[in-house]
Student: 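Below is the structure I would like to discuss, written out as structure tokens.
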Amino acid sequence: IRLSIGIENADDLIKALEEVVSGQTVNLAPGDYSLAQYHNQYDIWGEGMTALCFMVDNVTLRGAGPDKTVIIIPEGYVGIRMERDGAALEDMMIMQGGRPLPNYRYNWHMQGAVCACNKSGMSMRNVAIYSLQGTDEPYTRPFSVYSATDFTARNVCVLAPNCASPVFLDDVSGCAIDYLTISCSFLENQPAVYVGNWPWGASAGLYFGSVLIADAYQPFTVEAGNEVAIEDSIYYGCAAESAFEPTAAVRETNCVYYAAGTEDPDFQEVDGYMLTPVNPVYDRVGWRAVPEPSALGLLALIALFLRRK
């Protein structure tokens, strides 16, 4: 069994994701891969919908980097479904058109750019999402995680200029998200990150570290019963502070708000490994991954965040 499969074009991607076996990595060469050429039917509640789906457990879909490999989700298509144990996305950009499928207008959590649900051990790393969803349905979530255990994400960027609340989590356990960057809108006075408790249930052990949120109405909304830790994060140009329900157990540490236009040297320093929210380049999101820091670089990075009071 080959542990790694090389993909050069969309036709190869179709074949690989239909024939891949557990434990394999599907490597995408630099280039654009449109879901308009992909027809993997996923049956949800008795109705099929076109999506890019993982077919077996423990498969990694890996690009050559967010600035090199792009998966295009045309208007009217569903995005990527990670509903398999151990499914992983790495080193790619996902670009999504504006209108969700009209037949699924109430299933907003299922038709975003990326949906990780119902399984354990899924992960994302060095993934940029640029979504135009939200023009007609502001509650559509480009990035959602629900009913999932031990989901992890690192170096994830979400730009959703028309979306009120681009990141949604519900009923997750042991979930950790580090180096998350979000830029969205002020539509409907919604938060950049919505931690809900309906219809699945409250989350336990949900961790956010080193989050950068810009141009949102508010950074977080956490509904009743959720257990959330938020550490070492920057909120820039938000209209309101985060909102936490009284029965939610939320621990915030070293989280700082800056008004739009504020000169902050620390904010400029993070541009090397997170999205710059000022004048972003939307067609390629203006975002890039960086190499893992050396030991000295890691210490410097830790010091940068921990020295905030």
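Throughout, residue positions are numbered sequentially from 1 according to the sequence presented.
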Student: Suppose we screen for side chain to side chain donor-acceptor pair (under 3.5 Å). Which residues come up paired with R62, at least two apart in sequence or across chains?
Tutor: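 R62: side chain to side chain donor-acceptor pair (under 3.5 Å) contacts with E90.
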
Student: By side chain to side chain donor-acceptor pair (under 3.5 Å), which residues pair with S131, not counting sequence neighbours?
Tutor: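 For S131, the residues satisfying side chain to side chain donor-acceptor pair (under 3.5 Å) (neighbours in sequence not counted) are Q96.
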
Student: Side-chain donor-acceptor pair under 3.5 Å between Y217 and E188, yes or no?
Tutor: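 There is no such pair between these side chains.
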
Student: Using the test ring pair (Phe, Tyr, Trp, His ring centres under 6.0 Å), find all partners of Y33 that sit at least two apart in sequence or belong to another chain.
Tutor: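 By the ring pair (Phe, Tyr, Trp, His ring centres under 6.0 Å) rule, Y33 matches no residue at all.
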
Student: Quick one, I94 and V70 - any side-chain contact, counting heavy atoms below 4.5 Å?
Tutor: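 No. Closest side-chain heavy atoms not under 4.5 Å.
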
Student: Measure from NZ or CZ of R81 to the centre of the six-membered ring of F54, then state whether that distance is under 6.0 Å and the direction lies within 45° of the axis.
Tutor: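 No; the conditions do not both hold, so R81 does not lie above the ring face of F54.
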
Student: Between L61 and V56, is there shared hydrophobic-cluster membership here, with clusters defined by ILVMFWY side-chain heavy atoms closer than 4.5 Å?
Tutor: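 Yes; tracing contacts between hydrophobic side chains, which count when under 4.5 Å, links both residues.
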
Student: What residues, two or more places apart in sequence or in another chain, satisfy side chain to side chain contact (heavy atoms under 4.5 Å, CB included) together with E231?
Tutor: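 Here the qualifying residues are Y207, R251, T253.
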
Student: Partners of F151 by ring pair (Phe, Tyr, Trp, His ring centres under 6.0 Å), sequence neighbours excluded?
Tutor: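 In terms of ring pair (Phe, Tyr, Trp, His ring centres under 6.0 Å), with neighbours along the sequence ignored, F151 is linked to no residue.
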
Student: Among residues at least two apart in sequence or on other chains, which ones pass side chain to side chain contact (heavy atoms under 4.5 Å, CB included) with A204?
Tutor: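 With sequence neighbours excluded, A204 shows a side chain to side chain contact (heavy atoms under 4.5 Å, CB included) to E227, given in chain and number order.
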
Student: How long is the span from the OH atom in Y130 to the CD1 atom in I72, to the nearest 0.5 Å?
Tutor: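 Spacing of OH (Y130) from CD1 (I72) equals 13.0 Å.
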
Student: Could you state the interatomic distance from SG (C163) to CD1 (I182), rounded to the nearest 0.5 Å?
Tutor: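 C163 SG to I182 CD1: 10.0 Å, rounded to 0.5 Å.
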
Student: Is a side-chain donor or acceptor of N226 paired with a backbone partner of A202 at a separation under 3.5 angstrom?
Tutor: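 Not at all, since once roles are kept as given, no pair shorter than 3.5 Å links the two residues.
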
Student: Quick check for you: to the nearest 0.5 Å, what is the distance between L89 atom CG and M92 atom CE?
Tutor: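 Interatomic distance, L89 CG to M92 CE, rounded to 0.5 Å: 5.0 Å.
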
Student: Can you sort out the partners of N197 under side chain to side chain donor-acceptor pair (under 3.5 Å), two or more places apart, ordered by chain and number?
Tutor: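 In terms of side chain to side chain donor-acceptor pair (under 3.5 Å), with neighbours along the sequence ignored, N197 is linked to no residue.
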
Student: Measure the spacing between OH of Y146 and CH2 of W200 and express it to the nearest 0.5 Å.
Tutor: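 With rounding to 0.5 Å, OH (Y146) is 5.0 Å from CH2 (W200).
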
Student: Output the distance between atom CD1 (I129) and atom CE (M95), rounded to the nearest 0.5 Å.
Tutor: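 Between atom CD1 of I129 and atom CE of M95 there are 12.0 Å.
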
Student: List in chain and number order the residues that pass side chain to side chain donor-acceptor pair (under 3.5 Å) with T149, two or more places apart in sequence or in another chain; answer none if no residue qualifies.
Tutor: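 Partners of T149 under the side chain to side chain donor-acceptor pair (under 3.5 Å) test: none.
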
Student: Not counting sequence neighbours, which residues clear ring pair (Phe, Tyr, Trp, His ring centres under 6.0 Å) with Y257? List them please.
Tutor: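 Y257 satisfies ring pair (Phe, Tyr, Trp, His ring centres under 6.0 Å) with Y235 once adjacent residues are dropped.
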
Student: I'd like to know whether the aromatic ring centres of F208 and F220 sit less than 6.0 Å apart in this structure.
Tutor: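 So the answer is yes for these two rings.
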
Student: Keeping D170 on the side-chain end and W198 on the backbone end, is there a donor-acceptor pair under 3.5 Å?
Tutor: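 Judged by distance alone, yes, a pair lies under 3.5 Å.
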
Student: Of N126, T181, D178, which is the lone residue that meets side chain to side chain donor-acceptor pair (under 3.5 Å) with N155?
Tutor: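 Of the listed options, the one satisfying the test is N126.
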
Student: Which is it for C117 and S147 under the side-chain contact (heavy atoms from CB on, under 4.5 Å) test, yes or no, and what are the steps along the way?
Tutor: CA-CA 6 Å; C117 58; S147 297; 5.5 Å; no

Student: Would the distance check show the side chain of D215 and the main-chain N or O of S183 forming a donor-acceptor pair, the cut-off being under 3.5 Å?
Tutor: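 Checking the backbone N and O of S183 against the side chain of D215, no donor-acceptor pair under 3.5 Å is found.
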
Student: Hey, could you give me the CG/CD1 distance between L52 and I73, rounded to the nearest 0.5 Å?
Tutor: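 Answer for the CG-CD1 pair, L52 versus I73, is 8.0 Å.
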
Student: Can you name the residues that form a side chain to side chain contact (heavy atoms under 4.5 Å, CB included) with P30, not counting sequence neighbours?
Tutor: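 Result, side chain to side chain contact (heavy atoms under 4.5 Å, CB included) vs P30: A64, K68.
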
Student: Identify, with sequence neighbours excluded, every residue that meets side chain to side chain contact (heavy atoms under 4.5 Å, CB included) alongside A216.
Tutor: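 Partners of A216 by the side chain to side chain contact (heavy atoms under 4.5 Å, CB included) criterion, ordered by chain and then number, come out as C184, A192, I213, C238.
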
